[in-house]
Amino acid sequence: MLELISYEPILKGLVVLIIAGFAFPVTGVYLLRMNLLPLRFMLMHGAILGGALSLALEANPMFGTLLTNLVLVLVLISTSRYMKSDPGQLSAFFMVVSISLAFIFIYRFHVPAKETMGLMWGSLYTLSSVEFFSAIGLSLFLFIFQALFRYQLRAIFFNADIASTSGVPESRFYYAVILLTALTVAAAMKLVGALLLDALLLLPALIASYHAKSYKAMMLWASLWGGIFAVSGFFFSILWDLPASSTIALIASVTFLIILIKHKS
Amino acid sequence: MEHSLVVYHNHLPIFSNDEHWLYPLFELETFLKNHSFLVGELLLQDKIAGKAAACLIVRMGFTQCHIGLLSRRAIPVFEKYGVRYSYDQLVDHIQCRTEDLITDKMDLDETYLFLRKRAGRVQGTPLKIEDLTVTISGKQILQNLNLELGRGEQLIVMGENGSGKTTLLKSILGLLPAVSGKIWIGTEVVGTATWQKNRAESGYLNQEVAGVKFPITAAEVVAIGLTGKKISTAERKYQVELAMRKTRSFHLNTKLFHELSGGEKQRVSLARLLCQNARLLLLDEPTSFLDDQAKRELAELLIELSKNEAPTILVVSHDKEWIQFLNWKTLNLAAGTLC
């Protein structure tokens, strides 16, 4: 097993997975607490659109997905502000538009379907140096953001109105969180794929919400679970010769089930 | 220099102040709140004391004092509350207008609030609403509404469900834009940049938090009141503890907020407002989800807060029985205006 780690692509994948595994569940807590689950679907579909566009233009798919998600988020924010509509509802519209455009691009530009569908399950071991450092940079930024604004975020997660009346610029944080989520979803798609990114984002946060006894504990546990899933998933995937992303998702799902049953009983 | 007011503990001076009038006593009150002395064991020594000073001394819990120049009007107060007093010189009255303004009808709490207002030491800030009109989805909810509330005053706004009570509170908090009209909190107009800077002066207790399922402890909820304040972790903990003790909820500090009873949640939420140092408290249907016992306890706590901290309080409620128990000034909100 250790022999495999000595290969640069695998080592790169492991390093990113460990750091992202601990960092990305932070956005999972944001998604849960700010009721942004529909937004996540829009970002996943947006990432497929970005990936298809990048493949059509022979550009880097990770940056294509990242850019598309950023554009989508900016359009969503301005539209919801202008129309005074719920961003969650509008995101459903953008989700449909994204996936339809993605398939139009795939069809018109003869993008190999297999490569596009590769976005569904990620490609952990094909990270370029730029992608490697971008994912690590984003993970570190997430940690710093959470550490610096933990009190403001806690107030917003408790109640947006109360946060506002406590002097927290709630709407600024809301948009910052959406933006960070967009970046995280795009990065997570490259690592574990569109279909399995919840294993790194949502499941750790969900599990933590079942047993954490404070906000601080929830953030720490979500991060810890994410790290455990990432590391254990990586090594078990090598041990059993399985895809890393699926193994991570499977371990996260089994843990979720056990914690859920324990919580309910 | 001889101090105006000195307090001794076991013959050792622990507090002194040289200010005039009643200010040394108010400073002493703040000092005692931040220290854990048994007031009954302390000896207070003041240069001059009239009826007003006597009321403050008694209310702080002193049982012994020595006064340089004592007004005869102070003696009944000391004797009524069993304070042992001595003096150097006794006079019929001291030259202080405040003493003349305290009537026999005023009880100790009323006198205390009156003196705090006179000293400009009331936590509350005035609220003024002028011709406020608010529309939601094209429907006019508030129409040319006017309201004036002095610093440290309390008001209950009654009204049926959907009459616009919550809209009124949210407008005051700047959470809903007004079509026309102005709202002043102290000297700041709601919506301006200077108001935004001091936004935490208005504290909000809403109904929605009752349903929060997020894992957050009671102490963390109270600490939300300190969000944005650059203070040390130790100071943060101290402020939270102080606020929770004031609302008798400190024993709940490590418990999850969503596991608390309705009454406990309201105590914790009030502690959050105290921690925030809110000068205007806006309470939206605070008795929702409370049983009779919890309602009574909440009313007692609010009455206590109104006397001790004296913030300006605006409560909206349709709970007639509870409103009667509070016995505060009440206005009815109907057809978008107060009457």
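Computed from a predicted structure; not experimentally measured. Chain letters run A, B, ... following the sequence lines, proteins first, then strands; residues in each count from 1. What you see below is based on every heavy atom in this structure, not just the backbone, and it leaves out hydrogens, waters and symmetry mates.
When all heavy atoms of B:Pro286 and B:Trp322 are compared, the pair lying nearest together is CG-CH2, 3.6 Å.
With a 4.5 angstrom heavy-atom cutoff, B:Ala219 does not touch chain A via any of its atoms. Residue contact with chain A, scored on non-hydrogen atoms closer than 4.5 Å, involves the backbone and the side chain of B:Ile216 alike.
Residues A:Leu76 and A:Leu72 have side chains not in contact (no heavy-atom distance under 4.5 Å, counting atoms from C-beta outward). Annotation: side chain of B:Leu147 is in contact with side chain of B:Leu127 (closest heavy-atom distance under 4.5 Å).
A:Phe22 and A:Phe143 have their aromatic ring centers separated by at least 6.0 angstrom.
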Cross-interface N/O pairs, chain B with chain A, donor-acceptor, under 3.5 angstrom:
from     : atom 1 : to       : atom 2 : distance (Å)
B:Lys170 : NZ     : A:Asp161 : OD2    : 3.2
B:Asn206 : ND2    : A:Asn159 : OD1    : 3.2
B:Pro215 : O      : A:Tyr215 : N      : 2.9
B:Glu220 : OE1    : A:Tyr215 : N      : 2.8
B:Glu220 : OE2    : A:Tyr215 : N      : 3.4
B:Glu220 : OE2    : A:Lys216 : N      : 3.3
B:Gln276 : NE2    : A:Thr165 : O      : 2.9

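Applying the salt bridge (Lys or Arg N to Asp or Glu O under 4.0 Å) criterion to B:Glu304, with sequence neighbours excluded, gives B:Arg248.
A salt bridge is absent between B:Arg151 and B:Glu153: the closest approach of a Lys/Arg side-chain nitrogen to an acidic carboxylate oxygen does not fall below 4.0 angstrom.
Using bins of under 30°, 30° to 60° and over 60° for the plane-to-plane angle, the ring pair A:Phe145/A:Phe173 lands in the tilted bin.
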